[in-house]
Amino acid sequence: MRRATGITVAIAIAIAIAGASGGCVDGFRGSNVQLDLSPGTPVQAHVMGAMMVGELPASTHFAIYGIQQDAAQDRLFELERFEIHRIVDPTSPCFIDVGDHVLHPGLHVTSYAAKIAEDTGITDIANPPAGATEQQKIEMATAIQRMTNVAALGSAAGIKVVSSASTAAYPNVAADCTGPADQIPPAMCTDDASNQLRLRLCQAAWRADPDLFEGTDRVLTAPLGGVTHGMVDGRNPINMAPVGGAQFFLDEALDNIDAYAIYTQADGMDTPGTQLLFGRPTMQTRGVLHVHLVSPADPALTAEMAVFIDLGQDDLHF
């Protein structure tokens, strides 16, 4: 389990600075939870399209619970909600290009290669027109490779991202490229007007709910919308580099917790839902607890959790 020693370093520096200036630092009774989810952790289905085997409905979230146990009953406290998605979702109406650095802001990424072919006049990279420049050939080849990468990232072997949770939804998708101004143009609409409308509606949705997640293939850790908390353990299918590890900062100090559990819940559900993982804390070392979580239904499905139980009590010395 990775340990965020930078947290305690930051606290020690803040105390030293305050002491040098004659001030004081009020204790922060919060905690830090670091979570390694095994590769078999279920992922939510794409926004549109049929669910694949082993996926959870798109309108689902995960919740970490702390459990206090006594002879009478177990008391559950919800600590954090999150979602798990493919890091890119080609079916999402807002899987788009954004920013000053992109060629066509608002363009749906699945139409990127088609748009670059239109720009360059190259429909067959193996047989470009005689007048095609070297730069145009590079742009077209890059577009083709990008589509291959997107397909890999969004596949069953792709990266699973641990993100913020949201119940928000995007506006409806129009029937064609001449739809109403409050509906998102379909992905195949690549004209400037459609791109601008798509960009405006998607950015409005992200502003309305900063937790609404939308990933991008351009910078995997910088989503278009929402927050990335980390990734499920696995490999990047593009270069086979290992990925994994997520963390959450909580306002509560997690002392006096007897067990931890992760549940899956349908959006809008008040009860804990279905228990996915359960574990008891062990090995408290210098203010850090280790929790090995196991699925009650599948012992091969596990997670490892490190809990910095109280960031206001730093037992590390420098």
Side-chain angles (χ1 to χ4, degrees), residues 2 4 6 34-37 39 41 43-44 46-48 58 82-116 119 135 138-166 168 170 184 187 190 195-196 198-249:
R2 304 169 183 84
Q34 298 184 20
L35 185 62
D36 281 348
L37 295 161
T41 304
V43 65
Q44 291 160 245
H46 289 313
V47 172
M48 301 175 67
F82 63 93
E83 296 177 351
I84 300 179
H85 299 278
R86 307 288 179 194
I87 202 160
V88 299
D89 181 358
T91 74
S92 169
C94 287
F95 179 42
I96 63 176
D97 271 345
V98 177
D100 296 335
H101 61 290
V102 303
L103 293 175
H104 300 284
L107 176 71
H108 200 276
V109 174
T110 58
S111 294
Y112 184 76
K115 188 63 174 178
I116 298 304
D119 291 345
Q135 181 60 35
I138 292 172
E139 289 177 0
M140 193 64 238
T142 301
I144 294 170
Q145 183 60 53
R146 185 184 186 192
M147 295 298 93
T148 300
N149 292 350
V150 165
L153 290 170
S155 72
I159 295 173
K160 302 175 185 178
V161 63
V162 181
S163 76
S164 51
S166 170
Y170 290 124
I184 301 174
T190 64
N195 291 342
Q196 291 169 11
R198 189 184 297 111
L199 178 65
R200 179 173 63 80
L201 293 175
C202 292
Q203 289 186 321
W206 298 328
R207 285 193 300 269
D209 187 349
D211 288 329
L212 178 58
F213 180 81
E214 186 70 57
T216 174
D217 61 302
R218 288 186 177 273
V219 181
L220 300 183
T221 55
L224 302 177
V227 178
T228 295
H229 292 294
M231 300 176 186
V232 174
D233 289 355
R235 291 188 178 275
N236 183 335
I238 308 304
N239 57 18
M240 299 310 294
V243 298
Q247 71 168 339
F248 308 90
F249 286 95

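Of the possible polar contacts, one joining the His108 side chain to the Ser92 backbone as a donor-acceptor pair under 3.5 Å is found. Side chain of Asp233 to backbone of Pro39: no donor-acceptor contact under 3.5 angstrom is found. Side chain of Lys115 to main chain of His104: no donor-acceptor pair is present (N/O by atom type, distance under 3.5 Å, no hydrogens or angles).
Between atom CD of residue Glu83 and atom CZ of residue Phe213 there is a gap of 9.0 Å, rounded to the nearest 0.5 Å. Once rounded to the nearest 0.5 Å, the distance linking CD1 of Ile184 with CG of Leu199 reads 11.0 Å. Of the inter-residue distances, the one linking His85 atom NE2 with Gln44 atom CD reads 4.5 Å to the nearest 0.5 angstrom. To the nearest 0.5 Å, atom CD of residue Glu214 and atom SG of residue Cys202 are 7.5 Å apart. Summarising the geometry, atom CD1 belonging to Ile96 is positioned 9.0 Å from atom CG belonging to Leu107; distances are rounded to the nearest 0.5 Å. Taking OH of Tyr112 as the reference point, atom CG of Asp119 lies at 8.5 Å (rounded to 0.5 Å).
Asn149 and Arg146 share no side-chain donor-acceptor pair at under 3.5 Å.
Aromatic ring centroids of His229 and Phe82 lie 6.0 Å or more apart.
Residues satisfying the salt bridge (Lys or Arg N to Asp or Glu O under 4.0 Å) test with Arg218, not counting sequence neighbours, are Asp97. Every residue two or more places apart in sequence or in another chain that forms a side chain to side chain contact (heavy atoms under 4.5 Å, CB included) with Arg235 is listed here: Met240, Pro242. Partners of Ala141 according to the side chain to side chain contact (heavy atoms under 4.5 Å, CB included) rule, which considers only residues two or more places apart in sequence or in another chain, are Ile125.
Within the 4.5 Å cutoff, side-chain heavy atoms of Lys160 are placed close to those of Arg86.
The shortest non-hydrogen separation linking Ala168 to Asp209 is CB-OD2, 3.5 Å.
Evaluated for a side chain to side chain contact (heavy atoms under 4.5 Å, CB included) with Ile159, the options Ile87, Val43, Val88 yield exactly one hit, Ile87. Partner of Pro90 under the side chain to side chain contact (heavy atoms under 4.5 Å, CB included) criterion, chosen from Val150, Asp217, Leu153: Val150.
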